K.L.:
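Sharing a structure here in structure tokens format.
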There are 2 protein chains.
Amino acid sequence: MSGAFKDAAIRVERPAKTLRELALDKVREAIVNGYFRPGDRLVERDLCAQLGVSRTVVREVLRHLESEGLVANRPNKGPIVAQLDIEEAKQIYEIRGALEGMAARLCAERSSPEIVAALEEALTGIRNSYRDNDMAGVLANTSSFYQTLFTMVDRHVAWGVVNLLTVRINHLRSMTIKTERRGIEGPAQMSKIVDAIRRGDGEGAYRAAMEHVAAASAIAEAVLSAKKSAE
Amino acid sequence: MSGAFKDAAIRVERPAKTLRELALDKVREAIVNGYFRPGDRLVERDLCAQLGVSRTVVREVLRHLESEGLVANRPNKGPIVAQLDIEEAKQIYEIRGALEGMAARLCAERSSPEIVAALEEALTGIRNSYRDNDMAGVLANTSSFYQTLFTMVDRHVAWGVVNLLTVRINHLRSMTIKTERRGIEGPAQMSKIVDAIRRGDGEGAYRAAMEHVAAASAIAEAVLSAKKSAE
DNA sequence: AATCGTATTATGGCGTACCACACACTGTAG
DNA sequence: CTACAGTGTGTGGTACGCCATAATACGATT
């Protein structure tokens with residue numbers, strides 16, 4: 001074997017993302033970070049102009065986002081940015097709890113220094129972002145923490161599900177993490193997860209993960225109902 | 001108020017499914033029941049002819065199925081029917097276990113005669129379908145059983161997730177239910193779930209649901225590896 | 001004859017133009 | 001003041017064309 005080629009390490013790494021994928025990312029990002037607000041209409045031809053692509057592409061993007069739950073399609077009236085009602089949000093948190101709990105348990109059961117180290121690295125990232133008041137960083141590192149939880153035990157499908165659901169509550173997440181004391185409690189709860197994993201305590205890791213999500217859910221519910229009554 | 005119109009009881013019941021939705025259902029069905037086999041190419045222009053719709057519609061349908069995981073898109077080569085590898089199937093079963101277990105626990109915790117009755121009705125449907133050797137009926141009624149489990153406690157989002165994942169393993173399901181003795185063991189396991197719910201035993205319902213899925217997963221794994229080695 | 005370069009084909013990616021239909025709005029006539 | 005017709009906006013859907021790329025077939029050169 002000629003050594004250098006036995007793995008694909010030198011592959012040219014095609015940036016050949018199709019226009020459709022680029023547009024998809026743009027619009028999704030625009031929705032999750034609030035450029036388009038829930039209830040806003042997404043007029044195809046307007047999007048064409050804003051994105052600089054054709055209607056064909058825009059339509060495919062809208063379909064895709066629809067199946068992700070970020071966009072709602074009203075028959076004969078066109079797509080709008082999906083509204084998140086409180087009931088749905090609670091269910092999403094509940095599902096995340098079940099799946100993240102499952103992943104945490106698996107991590108604990110096959111606990112290893114690598115897993116613990118990777119999780120602690122993400123956790124440090126979160127603490128640093130809080131310290132620097134970098135809320136976008138907090139979100140990113142939190143995602144990274146959970147991604148580690150799932151991928152360390154090769155649960156890519158479950159991670160995909162969690163990721164899919166998470167984008168739908170993204171603006172909620174960005175509100176919960178700004179809550180008073182969350183900068184201390186959040187990392188503390190995650191630290192409990194890591195501790196349980198370190199000592200191989202599956203049940204403890206499961207419960208700790210559930211509790212963390214439950215706390216986030218409670219805050220989200222409070223925020224959401226506060227916002228609702230303010231309208 | 002003019003009385004007869006105050007509720008929408010006589011509403012025309014929108015036949016207003018768009019062409020796109022019809023086409024989507026057709027293609028999805030064609031994939032899950034094996035008309036298109038894993039690995040088959042899905043040539044856009046051919047599908048246009050077969051479905052009698054335009055390329056725009058076909059493309060949107062393919063994108064949608066891609067995000068459902070039923071279709072895989074190879075860059076610059078076009079879409080094929082997704083191949084299901086054994087690892088992914090196991091993960092899907094695992095997730096179903098976590099979510100169905102969660103739903104079963106919730107049903108048990110707020111146990112009511114309605115819930116039990118609805119579940120038993122679905123269970124009877126399964127038994128009858130087995131008796132009549134109606135395998136399509138078994139699948140439909142099994143879905144119905146789980147749908148009841150989720151919707152009785154208003155977990156529509158979780159049901160959506162399970163449903164989404166289930167279509168990806170549909171042909172596996174149709175193989176597992178044909179397995180010897182499954183016609184007896186399957187309903188027996190589900191009956192244990194209902195029993196636990198009836199007596200309000202959340203933990204028992206959770207475990208029974210997990211066990212049922214685990215059994216299905218084991219059979220699926222056996223079937224899949226047998227098929228693999230046969231190739 | 002084997003190999004290498006080139007033409008062809010198949011197909012996806014993308015854009016444009018067009019029509020039909022549903023809905024909201026608006027101004028006008030009764 | 002209301003009913004209604006006209007109008008504009010926007011989606012649903014179709015047809016067609018162009019370009020880029022991958023695979024294959026074919027032909028030329030050594």
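Remember, predicted model here, so these are calculated numbers, not experimental data. Convention: sequence-line order gives letters A, B, ...; per-chain numbering from 1.
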K.L.:
Would you please name every residue forming a side-chain contact (heavy atoms from CB on, under 4.5 Å) with B/Glu29, sequence neighbours left out?
P.N.:
B/Asn33

K.L.:
Give each protein N/O atom lying under 3.5 Å from an N/O atom of nucleotides 14-16 of chain D, with the pair distance.
P.N.:
from	atom 1	to	atom 2	distance (Å)
D/dT14	OP2	B/Ser54	N	3.3
D/dT14	OP2	B/Ser54	OG	3.2

K.L.:
From the 5' end of DNA chain C to its 3' end, which nucleotides mark the outer limits of contact with chain B, defined by a 4.0 Å heavy-atom distance cut-off (strictly under)?
P.N.:
C/dT11 to C/dC14

K.L.:
side-chain contact (heavy atoms from CB on, under 4.5 Å) with B/Ala215: which residues, sequence neighbours excluded?
P.N.:
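Partners of B/Ala215 by the side-chain contact (heavy atoms from CB on, under 4.5 Å) criterion, ordered by chain and then number, come out as B/Arg182, B/Gln189.
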
K.L.:
Between the side chain of B/Glu66 and the main-chain N/O of B/Val71, is any donor-acceptor distance below 3.5 Å?
P.N.:
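Side chain of B/Glu66 to backbone of B/Val71: no pair is present.
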
K.L.:
Which residues pass the side-chain contact (heavy atoms from CB on, under 4.5 Å) test with B/Asp154, not counting sequence neighbours?
P.N.:
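Expected list: B/His156.
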
K.L.:
Looking at residues at least two apart in the chain, or sitting in another chain, which of them share a side chain to side chain donor-acceptor pair (under 3.5 Å) with B/Thr151?
P.N.:
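Testing B/Thr151 for side chain to side chain donor-acceptor pair (under 3.5 Å), a comparison that skips the adjacent residues, returns none.
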
K.L.:
Does anything in residues 68-87 of chain A form a salt bridge (Lys or Arg N to Asp or Glu O under 4.0 Å)? List the pairs, not counting sequence neighbours.
P.N.:
A/Arg28-A/Glu68

K.L.:
Which residues pass the side chain to side chain donor-acceptor pair (under 3.5 Å) test with A/Gln147, sequence neighbours left out?
P.N.:
none

K.L.:
Quick one: list whatever passes side chain to side chain donor-acceptor pair (under 3.5 Å) with A/Arg37, sequence neighbours left out.
P.N.:
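Testing A/Arg37 for side chain to side chain donor-acceptor pair (under 3.5 Å), a comparison that skips the adjacent residues, returns none.
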
K.L.:
Name all residues meeting the side chain to side chain donor-acceptor pair (under 3.5 Å) criterion together with A/Ser112; count only those two or more places apart in sequence or in a different chain, and write none if there are none.
P.N.:
A/Glu114

K.L.:
List for me each residue that meets side-chain contact (heavy atoms from CB on, under 4.5 Å) alongside A/Glu60, sequence neighbours excluded, and say none if there are none.
P.N.:
A/Arg20, A/Thr56, B/Arg59, B/Glu60, B/Arg63

K.L.:
In whole angstrom, what separates A/Leu62's CG from D/dG13's C1'?
P.N.:
15 Å

K.L.:
Name every residue in residues 36-47 of chain B that has at least one heavy atom under 4.0 Å from any atom of DNA chain C, in order of residue number, or write none if there are no such residues.
P.N.:
B/Arg41, B/Leu42, B/Val43, B/Glu44, B/Arg45

